[in-house]
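Numbering of ligands and ligand atoms starts at 1, following listing order. Computed from heavy atoms alone, side chains included, the values below leave out hydrogens, waters and symmetry copies.
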Amino acid sequence: MPKILFKPTNRSVDIEKGDNLLQAAAKADVHINASCGGEGTCGKCKVVVTGDGYSSDNRSKLTAEEIDEGYVLACQTTVLGDLTILVPLESELLGKSRGKIKTLTSTLESWNEQLENLPLDPKVFKKYLELAAPSLEDSVSDSSRILRRLQKDLSATDIVVELAVLKDLETLIRDADWKVTATLVKESSHYRLVRVENGNTASRQFAIAVDIGTTTCSGALVDLNKKEILFESSEYNGQISLGDDVISRMVFAKKGDGLQLLQKRAAETIDKLINDLLKKNGVEKNDVDLIIVAGNTIMTHLFYGVTTDRIREAPYVPVFSFGPLVSGDDLNITALPDAKVASFPCVASYLGGDITSGVVASGLIESDKLTLYIDIGTNGEIVLGSGSDWLVGCSCSAGPAFEGGGVKNGIRSIDGAIERVLIERDTYETVFTTIGDKQAIGICGSGLIDLLAELFLSGAIDKRGKINQDLSTDRVRKTPEGGWEYVVAWSQVTGIDKDIVISEVDIDNLMRAKAAVYAGITTLVEGVGVEIGEIDQVLIAGSFGNYIRIKEAITIGLLPDIPNELYKFVGNGSLFGCAKAVIDQGVLLEAGKITANMSYQELSADNKFMEKYMSALFLPHTDEGLFPSVKFEK
Ligand code: FES
């Protein structure tokens, strides 16, 4: 078997002859940017190879200089023998910056206030029991002794005992002097006894809520007895190395053991979140019995290790809508192998559990207001509804541009990311701020929205997103590939020893992303026969959504031009929905009803959507009358 050594990490892996270098890197847990999932189209997986044991055909994304220097595309390079691979900085930048993403904690207080009002009715719960010891008059079996008491306390007749409980019961119950804590799972028609512990542990009941985002996974530790989120944490989804967006991941899942690798990466990411949450709060693993996750349909399928092949092709059919209740062990969750794992149901292939969770959590169905709920992430998911009378949803592929993918210097919201940009109107000089006041290493989503708005308002780009080549500034220049770019930050002030730029290709990707979201919103709204002006409120969800500045988002035509006060940020609604569901299992049942009642509008087959998308590929739009508040300044 050929051995591949990766530099500078010095990780090595033995792989099959014929595998490619991207697969080798995935197996060695070496991060290489792979936006297109190994299709050979993004050109992000550049590495330098030493040794003869390879063949690499597709070099179309490499410059002549790079080819001379030994660069290859990892995904297009087949391994034939031992190799040493250097992963250059630009190919591992996203991996290097994997650390913690900035999370807003300001919403936590308001979330906890809302959790207080929920009934405590978790899917998995503990019950402390003080039992009488057996006697000649009362010699029922140990398990029957427990069940008899539980049946009385819970007014339930049907309680099933898991085999694992019986195996240890004889010693445990006597050591405990007949004072034990039972852990039960509440199924639809019966209870299941899954654990018996020595003494009273019922005061320690915790659960984990997880939002599995395409880019970012967020977790929350919930104290069930207090009905309170103790801590929230985020990690990049470890699947990023295997594709930036859901389409690339599905492409990767089809290759060899791609599906298993994606499942493993999701599980590893959730493991990291759980370990972080428990460690920071001093909570024992034994006291966590329940994990509830929500993700888009593709993330949910990949987490369960179920194929996504049919989701990619018309008529776009997922394998399941309701994920089964399983154990952590079944899904490679090593941090909590015995915990029960449940998930929010998905509406359709491109409208997932993150939306059902977010909609339940937002209170949309309890409000009479005509509400637009937008979850802006790599996939834009949009729901319009009024109370529980009607709900209609759609999904549009915004792509990862607003999260840093498909943009040369795009990065996620981490320290050093340019998050706010101003362009001097006379000199075209830039003023910017970075997250954490660190040296700039790239531009995150809110920075890109600001930048696009500023470039447009200052006249540095036109309505089509084309750079004005006649500007008297050296910030506008030709790229080596022959296109044009604008220098946002000179190398002297960046932390990557290179200029941070935005090119016309980047702008084009951002325009496509914003056009898809806007076209999705307007197609959905008009499809149900209402006007944008009739909307009473717009709820912006998603961890990325927290950072968007509404005025700039309207300026570029991402969001409809309606009064700012109608917009409300709800934070990571999907995560909040999971937190609610671990406390009250009725929330999951409610989500099931939403899944059944929500109409899904498939946009990929909708000509109106395509027309609207084409019209939205301008700044802010071909029809300026739709954006009266946007004032072109130059
Ligand atoms: Fe290799 Fe995109 S070109 S992952």
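Under the rule for a side-chain hydrogen bond (donor to acceptor under 3.5 Å, both in side chains), Lys608 has no partner lying at least two apart in sequence or in another chain. Under the rule for a side-chain hydrogen bond (donor to acceptor under 3.5 Å, both in side chains), the partners of Lys463 that lie at least two apart in sequence or sit in another chain are Glu624.
For the residue pair Val488 and Leu451, the shortest heavy atom distance occurs at CG2-CD2, 3.7 Å. Nearest heavy atom pair, residue Asp450 against residue Glu419, reads OD2-O, 4.1 Å.
Note on residues 473-493: no pairs pass ring-ring contact (aromatic ring centres under 6.0 Å, His included), not counting sequence neighbours.
In this structure, the separation between CG on Asn572 and CG on Asp375 is 7.5 Å, given to the nearest 0.5 Å.
Shown are the protein N/O/S atoms under 2.8 Å from atom 1 (Fe) of ligand 1, given by residue and atom: Cys45 SG, Cys75 SG.
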